[in-house]
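Provided herewith is a single structure, encoded as structure tokens, for subsequent inquiry.
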Amino acid sequence: MHAYRTHTCGQLRRDAVGQKVRLSGWVHRRRDHGGLVFLDLRDHYGITQCVIEPDSPAFAGADRCRSEWVVTVSGPVVARSAETVNRDLPTGEVEIRIEEITVQSVAQELPLPIFGDLDYPEETRLRYRFLDLRRERLHNNITLRSQVISSIRRRMIEQGFTEFQTPILTASSPEGARDFLVPSRLHPGQFYALPQAPQQFKQLIMVAGFDRYFQIAPCFRDEDARADRSPGEFYQLDLEMSFVTQDDVFAAVEPVLHGVFNEFARGRTVSVPPFPRISFDEAMLKYGVDKPDLRNPIVICDVSDLFADTSVAFKAFKDKVVRAIPAPGAGHQPRSFFDRLNDWARSEMKAPGLGYIVFEEESGKLQAKGPIAKFIPDPVMAQLLQRCALKAGDAVFFSADPRADKAAALAGAARIRLGKELDLVASGELKFCWIVDFPMYEWNEDEKRIDFSHNPFSMPQYGRDAFLALDLTDKQTILGLKAYQYDIVCNGIELSSGAIRNHDPEVMLKAFEIAGYAREETEARFSGMLNAFRYGAPPHGGTAPGIDRIVMLLAGVDNLREVTMFPMNQQAQDLMMGAPGPVSARQLKELHLRVVKPEV
RNA sequence: GGGGGCGUAGCUCAGUUGGUUAGAGUGUCGGCCUGUCACGCCGAAGGUCGCGGGUUCGAGCCCCGUCGCUCCCGCCA
């Protein structure tokens with residue numbers, strides 16, 4: 001008989017009755033009936049009940065076992081009587097009669113119970129991650145993650161993609177996020193950077209003629225964390241394709257995402273390809289964000305013209321961009337509901353307020369109520385009702401600002417909040433969309449300059465000659481430029497960003513010039529890629545959906561730590577391993593480094 | 001860098017208007033119990049109320065500071 005086990009703890013069924021078996025695992029739960037002791041033995045595969053009576057020579061050994069001790073038990077599989085079968089356990093028809101028990105490892109009193117499904121403080125969970133990972137919920141999430149990644153790999157290979165690895169120690173790149181730096185021992189004062197994404201490498205792979213690349217790629221960015229943004233590191237399904245248009249990329253990615261999501265949907269419905277394509281401008285208008293949650297039925301509409309009408313006496317909205325956010329069914333909400341939203345807009349969104357109108361039916365006629373209703377004459381009100389598809393029992397909120405982007409942002413935040421508070425968001429759905437036609441550049445108000453608004457390697461949607469001839473001071477035209485740049489969004493979460501790339505060295509130099517980088521500087525920073533483009537580069541494009549976020553959506557959790565085996569905390573520390581930590585003077589010396597601590 | 005929330009027993013939490021010896025559940029330890037599966041019953045141990053200062057006759061509670069965790073803003077091409 002094997003030293004540790006003949007079966008797993010999730011394996012035994014009625015047909016095994018009579019066999020003599022050996023199981024190893026953790027003591028999940030101990031029930032002491034004095035004369036009779038039950039031990040639930042748990043491993044990765046399941047739980048099996050083991051039982052022992054006092055006359056057994058192994059009784060003393062079994063009796064001293066406590067939660068989370070690791071033990072090996074041997075004995076016959078016995079059928080349980082009809083009354084004692086446990087329908088909640090797959091192994092619930094049988095139990096092991098313990099004849100022999102060996103303690104492999106004892107456990108101290110636990111800082112984090114394995115049994116049960118209570119919430120525990122994040123700090124404890126992270127410090128004792130190995131215990132949290134034993135618990136059913138996290139154990140299942142991490143297993144799901146593995147299955148999702150394996151499914152993605154299989155589907156990508158089926159689509160004709162080839163997986164390649166790219167360097168982890170590479171060069172720092174300008175633009176984008178803060179780099180993690182690694183000092184070079186052999187080159188004093190010089191540094192490697194961890195890749196923010198394998199962006200340049202995957203483009204070089206296309207230049208090298210490999211046609212369709214993918215990788216489950218680790219990416220590193222030294223930026224502050226959020227619930228859906230791990231500190232430091234995360235994984236992308238990085239992919240790139242040669243000789244493709246934007247539609248070809250969509251057509252390659254959609255079946256993979258749909259397939260994976262459908263495989264792990266557990267009853268939820270998944271958008272069927274082709275996913276809706278929404279331009280950036282349309283998204284900002286209708287949803288107020290560039291990552292709309294399409295489960296929320298609210299659609300924002302522009303009503304600036306209605307309030308500009310001379311018949312409307314409401315001065316606060318004159319000469320402003322006004323967006324209307326319909327709130328279906330909100331007409332029956334108490335006054336406090338509207339006050340609360342107004343307070344939220346003022347305090348959290350730093351807006352002057354959130355005006356509203358409530359529509360009620362009175363003696364067969366639609367009555368508009370609320371602080372600003374009286375300023376709007378009937379003909380204009382009729383247009384408003386029609387444009388926003390409002391009816392009796394609904395309300396409508398207004399976001400107004402001289403700047404369109406600010407009006408849109410408040411409207412978008414209000415839309416999300418209303419969706420939640422009015423319970424309009426359809427759970428049980430996974431709704432995808434592509435956001436396309438992102439602007440190539442944006443105005444940086446703080447530094448009074450033009451920045452890339454997304455990926456500097458995207459191809460502008462503009463003729464080559466016209467682009468090369470662009471006047472650097474023609475702000476109007478430049479800020480109006482769109483790029484072949486797209487995001488994929490699911491349930492309001494940005495899964496990935498991608499583009500048809502700029503494979504023309506002249507266009508690329510010009511693109512950087514517009515963003516304030518001299519030609520020589522661009523040549524120096526991107527010499528590897530620019531040089532490659534001068535030796536025959538195929539048109540290419542790709543994208544990179546975030547693996548962690550995909551698993552998060554599929555697991556139905558709202559924090560990345562729930563789907564990451566060993567996550568860091570919000571301050572980018574690993575409490576279990578003690579990272580980051582100091583290093584020895586000798587290590588610093590080898591790396592030609594001296595630490596200068598910040599003054600307090 | 002800024003804003004919000006939280007911090008009381010190993011763990012999860014309660015703690016009234018500032019007022020006697022800070023409680024419960026769970027876990028741990030001891031006793032009882034032969035069919036439980038969140039087993040049950042009896043008992044015990046277990047507290048720097050995050051830390052420091054202040055107000056007060058008196059602070060877990062009020063004030064100031066600080067630390068930790070977390071969520072958000074900035075940031076994340």
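Proteins get letters first, then strands, A, B, ... in listed order; numbering begins at 1 in each.
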Quiz item: Could you state the CZ-P distance from A/Phe234 to B/C76, rounded to the nearest angstrom?
Solution: 13 Å

Practice problem: For A/Ser453, answer base if it contacts any base atom (sugar-phosphate contacts may also be present), sugar-phosphate if it contacts only those atoms, and nothing otherwise; contact means non-hydrogen atoms under 4.0 Å. | Solution: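 The residue A/Ser453 makes sugar-phosphate contact but no base contact.
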
Quiz item: Can a side chain N or O of A/Gln573 be found less than 4.0 Å away from OP1 or OP2 on B/G68?
Solution: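 False: A/Gln573 side-chain N/O out of range (4.0 Å or more) of B/G68 OP1/OP2.
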
Practice problem: Ignoring backbone atoms, establish whether A/Arg29 has a side-chain N or O less than 4.0 Å from OP1 or OP2 of B/G27. | Solution: yes

Quiz item: How about A/Phe526 and A/Phe457: are their ring centres within less than 6.0 Å of each other?
Solution: yes

Exercise. Using both distances under 3.5 Å as the test, list the Watson-Crick or G-U wobble partner of B/C6, or none.
Key: B/G68

Practice problem: Please report, rounded to the nearest Å, how far the P atom of B/U26 is from the CG atom of A/Leu112. | Solution: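 From A/Leu112 CG to B/U26 P: 18 Å.
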
Practice problem: Answer with yes or no whether the side chains of A/Tyr484 and A/Asp437 bring together a donor and an acceptor at under 3.5 Å. | Solution: no

Quiz prompt | Contact under 4.0 Å: A/Gln571 side-chain N or O vs B/G68 OP1/OP2 | solution =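 Result: no.
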
Quiz item: Does one side chain, of A/Arg31 or A/Gln49, offer a donor that lies under 3.5 Å from an acceptor on the other?
Solution: yes

Exercise. Specify the residue among A/Pro111 and A/Phe452 whose closest nucleotide of RNA chain B lies further upstream toward the 5′ end.
Key: A/Pro111

Quiz item: Looking only at atom C1', what distance separates B/C33 and B/G18, rounded to whole Å?
Solution: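 48 Å, rounded to whole Å.
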
Self-check item: Pair partner, B/A59 [Watson-Crick or wobble, under 3.5 Å]
Solution: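 Answer to the pairing question: none, since B/A59 forms no Watson-Crick or G-U pair.
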
Quiz item: Between the side chains of A/Thr72 and A/Gln104, is a donor N or O closer than 3.5 angstrom to an acceptor N or O?
Solution: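 Present: a donor and an acceptor within the cut-off.
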
Quiz item: If you find the nucleotide of RNA chain B closest to A/Pro54 and the one closest to A/Ala227, which residue's nucleotide is nearer the 5' end?
Solution: A/Pro54

Quiz item: Between B/G10 and B/C42, how far is it from one P atom to the other, in whole Å?
Solution: 24 Å

Quiz item: Does a distance-only test, which skips hydrogens and angles, find a donor-acceptor pair under 3.5 Å between the side chain of A/Asp32 and the base of B/C33?
Solution: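 Yes, the side chain and the base share a sub-3.5 Å donor-acceptor pair.
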
Quiz prompt | Between B/G65 and B/C57 - P atom distance, rounded Å | solution = 24 Å

Practice problem: Pick base, sugar-phosphate or nothing for A/Asp119, based on heavy-atom distances below 4.0 Å to the nucleic acid. | Solution: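 Result for A/Asp119 = sugar-phosphate.
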
Quiz item: Is there a side-chain polar atom (N or O) of A/Asn569 under 4.0 Å from OP1 or OP2 of B/G68?
Solution: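 No, no such contact exists.
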
Exercise. Compare side-chain N and O positions of A/Arg66 against OP1 and OP2 of B/C29 and report whether any pair is under 4.0 Å apart.
Key: yes

Quiz item: Heavy atoms under 4.0 Å, any strand shown: does A/Asn559 hit a base, just sugar-phosphate, or nothing?
Solution: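 Sugar-phosphate contact only - A/Asn559 comes under 4.0 Å of backbone atoms but never of a base.
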
Quiz item: Taking the same atom, C1', in B/C63 and in B/G23, what whole-Å distance lies between them?
Solution: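 The answer is 27 Å between these two C1' atoms.
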
Quiz item: B/C29 phosphate, OP1 or OP2: any side-chain N/O from A/Arg64 under 4.0 angstrom?
Solution: no

Quiz item: Roughly how far apart, to the nearest Å, are B/C6 and B/G15 at atom P?
Solution: 12 Å

Exercise. With P as the reference atom in both, quote the distance from B/A59 to B/G54 in angstrom, rounded to an integer.
Key: 12 Å

Self-check item: Atom-to-atom span, CG of A/Asp40 to C1' of B/U36 - whole angstrom
Solution: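 From A/Asp40 CG to B/U36 C1': 9 Å.
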
Quiz prompt | Test side-chain hydrogen bond (donor to acceptor under 3.5 Å, both in side chains) applied to A/His540 and A/Arg501, A/His503, A/Gln203, the passing residue | solution =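 Answer to the side-chain hydrogen bond (donor to acceptor under 3.5 Å, both in side chains) test with A/His540 among A/Arg501, A/His503, A/Gln203: A/Gln203.
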
Practice problem: Could you check whether A/Gln570 gets within reach of a base, just the sugar-phosphate, or nothing at all, counting any heavy atom under 4.0 Å? | Solution: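 Base, at least one base atom sits under 4.0 Å.
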
Quiz item: For B/C39, does either OP1 or OP2 sit under 4.0 Å from a side-chain N or O belonging to A/Arg31?
Solution: yes

Quiz item: Are A/Ser458 and A/Gln485 close enough that a side-chain donor and a side-chain acceptor fall under 3.5 Å?
Solution: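 The criterion, which ignores hydrogens and geometry beyond distance, is satisfied for A/Gln485 and A/Ser458.
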
Quiz prompt | Atom P, compared across B/U12 and B/G27: separation rounded to whole Å | solution =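 My reading of the P atoms in B/U12 and B/G27 gives 15 Å.
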
Quiz item: Just checking A/Glu53: base, sugar-phosphate only, or nothing, at a heavy-atom cut-off of under 4.0 Å?
Solution: base

Quiz prompt | Identified pairing partner of B/U36, criterion: Watson-Crick or G-U wobble below 3.5 Å | solution = none

Quiz item: Quick check, are the ring centers of A/Tyr486 and A/Phe438 under 6.0 angstrom apart?
Solution: no

Quiz prompt | Separation between the C1' atoms of B/C11 and B/G58, rounded to whole Å | solution =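 Going atom to atom, C1' in each nucleotide, I get 32 Å.
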
Self-check item: A/Arg30 vs B/U36: side-chain N/O to OP1/OP2 distance below 4.0 Å
Solution: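 False: A/Arg30 side-chain N/O out of range (4.0 Å or more) of B/U36 OP1/OP2.
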
Practice problem: Select base, sugar-phosphate, or nothing to describe what A/Arg125 touches, counting heavy atoms under 4.0 Å on all strands. | Solution: nothing

